[in-house]
Amino acid sequence: ESSPVLLAPKDVMVYSYNFRSSLRWSPVEVDGGLVLYTVHFKTGAFNQWDEMNCTRITQTECPFPWSLKERHWTFVLRVRAELGQVTSDWVETDQFMAERNTTVGPPKVNSVTESSDSLLISVTPPFRPEAGDTLEYHVSYWESETSNTKEETKTSNTLFKIGNLKESTLYCFRIQVELTHSNHQLLGLQSVPECYRTTIS
């Protein structure tokens with residue numbers, strides 16, 4: 001009798017946003033029975049597979065445990081499907097290093113204070129910086145009516161001013177974070193544009 005073949009998980013990838021990382025994959029469909037999944041990892045330093053906190057789970061996602069939070073470590077992960085005593089082949093990921101491969105989200109805009117010639121903007125970084133991190137905010141802004149002329153400014157402060165603006169004029173801006181750490185640079189996603197009108201002097 002032919003042995004039942006269990007397909008391996010597909011679309012296996014590490015999803016990482018602001019240094020919170022997880023392994024995700026597409027479910028393996030079978031007729032009847034519950035497919036379970038097991039995830040292993042190994043670091044670049046040790047060529048040995050270890051169990052993650054995801055052994056025989058039903059979910060198709062495995063969050064990285066706290067112990068794997070080191071941003072400059074290199075990991076390879078693998079996952080397989082299990083149905084009773086039958087197991088699929090392992091599927092391995094490419095090498096993953098959070099410092100290079102995470103997606104940095106936009107900063108959170110806390111407040112905007114309008115005056116006649118400036119906007120004072122307060123932001124919170126998208127993640128808590130570690131020692132040695134340099135965060136720089138790239139700000140692009142433009143007059144709402146003439147959106148083709150964009151100005152750029154850079155700052156490392158979480159409270160900064162866009163100055164030399166016209167009074168009683170609607171200005172829009174968007175911000176993205178650039179993270180520099182030990183010669184690695186990551187440019188984050190841009191924020192959604194926000195628009196504010198300067199006051200009349």
Side-chain angles (χ1 to χ4, degrees), residues 2-108 124-138 175-192:
S2 66
S3 65
V5 173
L6 187 59
L7 293 175
K10 287 190 169 65
D11 309 316
V12 178
M13 61 173 287
V14 176
Y15 176 84
S16 183
Y17 189 78
N18 291 337
F19 298 107
R20 291 168 187 244
S21 307
S22 64
L23 186 68
R24 295 180 178 179
W25 57 90
S26 297
V28 175
E29 306 289 348
V30 295
D31 292 334
L34 180 63
V35 177
L36 302 173
Y37 305 96
T38 293
V39 178
H40 289 171
F41 76 94
K42 65 180 176 182
T43 64
F46 297 101
N47 192 19
Q48 171 191 331
W49 291 105
D50 281 309
E51 288 195 358
M52 230 147 109
N53 50 356
C54 300
T55 300
R56 300 180 66 77
I57 60 169
T58 55
Q59 301 90 337
T60 55
E61 178 172 8
C62 176
F64 281 30
W66 193 238
S67 56
L68 300 192
K69 73 174 184 8
E70 290 293 340
R71 297 185 340 196
H72 55 276
W73 286 2
T74 302
F75 298 107
V76 177
L77 298 101
R78 68 180 187 179
V79 60
R80 75 177 181 189
E82 304 175 10
L83 181 63
Q85 301 302 309
V86 183
T87 60
S88 75
D89 291 336
W90 290 101
V91 181
E92 284 186 31
T93 65
D94 294 332
Q95 284 194 339
F96 169 81
M97 181 200 275
E99 202 165 72
R100 288 186 182 155
N101 303 123
T102 199
T103 299
V104 174
K108 176 174 179 282
T124 302
F127 55 88
R128 182 177 292 174
E130 289 188 352
D133 286 354
T134 305
L135 290 183
E136 203 169 43
Y137 299 95
H138 294 233
I175 311 171
Q176 64 191 137
V177 176
E178 183 179 12
L179 166 68
T180 306
H181 186 100
S182 58
N183 299 331
H184 283 306
Q185 277 168 323
L186 274 180
L187 194 58
L189 302 175
Q190 285 195 321
S191 63
V192 175

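Throughout, residue positions are numbered sequentially from 1 according to the sequence presented.
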For [X] versus [Y], what's the shortest heavy-atom pair and its separation?
X    : Y    : result
P107 : P126 : CA-CD, 4.1 Å
N53  : P65  : ND2-CB, 3.8 Å
Y17  : P106 : OH-CD, 3.6 Å
H72  : M97  : O-CE, 3.5 Å
P9   : A81  : CD-N, 3.8 Å

Any heavy-atom pair between the side chains of [Y] and [X] that's under 4.5 Å?
X    : Y    : result
T180 : D133 : no
W49  : V76  : yes
H138 : L187 : yes
F19  : L179 : yes
D11  : W25  : no
V14  : N101 : no
F127 : L135 : yes

Using residues 35-42 as the side-chain source, report each donor-acceptor pair under 3.5 Å to any protein atom, sequence neighbours left out, with the distance given to one decimal.
residue, atom, partner, partner atom, Å
Y37, OH, V28, N, 2.9
T38, OG1, R56, N, 3.0
T38, OG1, E82, OE2, 2.7
H40, ND1, R78, NE, 3.3
H40, ND1, R78, NH2, 3.1
K42, NZ, N47, OD1, 2.7

Let me check something: any side-chain donor-acceptor pairs from residues 57-64 under 3.5 Å, sequence neighbours excluded? List them with distances.
residue, atom, partner, partner atom, Å
E61, OE2, S22, OG, 2.7
E61, OE2, R24, NE, 3.2

Starting at [atom1] of [X], measure out to [atom2] of [Y] and round the result to the nearest 0.5 Å.
X    : Y   : atom1 : atom2 : value
F96  : L77 : CZ    : CG    : 8.5 Å
S21  : R71 : OG    : CZ    : 11.0 Å
L186 : E99 : CG    : CD    : 7.5 Å
Q85  : L6  : CD    : CG    : 12.5 Å
E70  : T43 : CD    : OG1   : 11.5 Å

A quick test of your reading: do over 12 heavy atoms of other residues, nucleotides or ligands sit less than 6.0 Å from CD of Q95?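 Not more than 12 within 6.0 Å, no.
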Sidechain-backbone polar pair: S16 side chain, A98 backbone, donor-acceptor under 3.5 Å: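 Flag not set: sc S16 to bb A98 has no pair under 3.5 Å.
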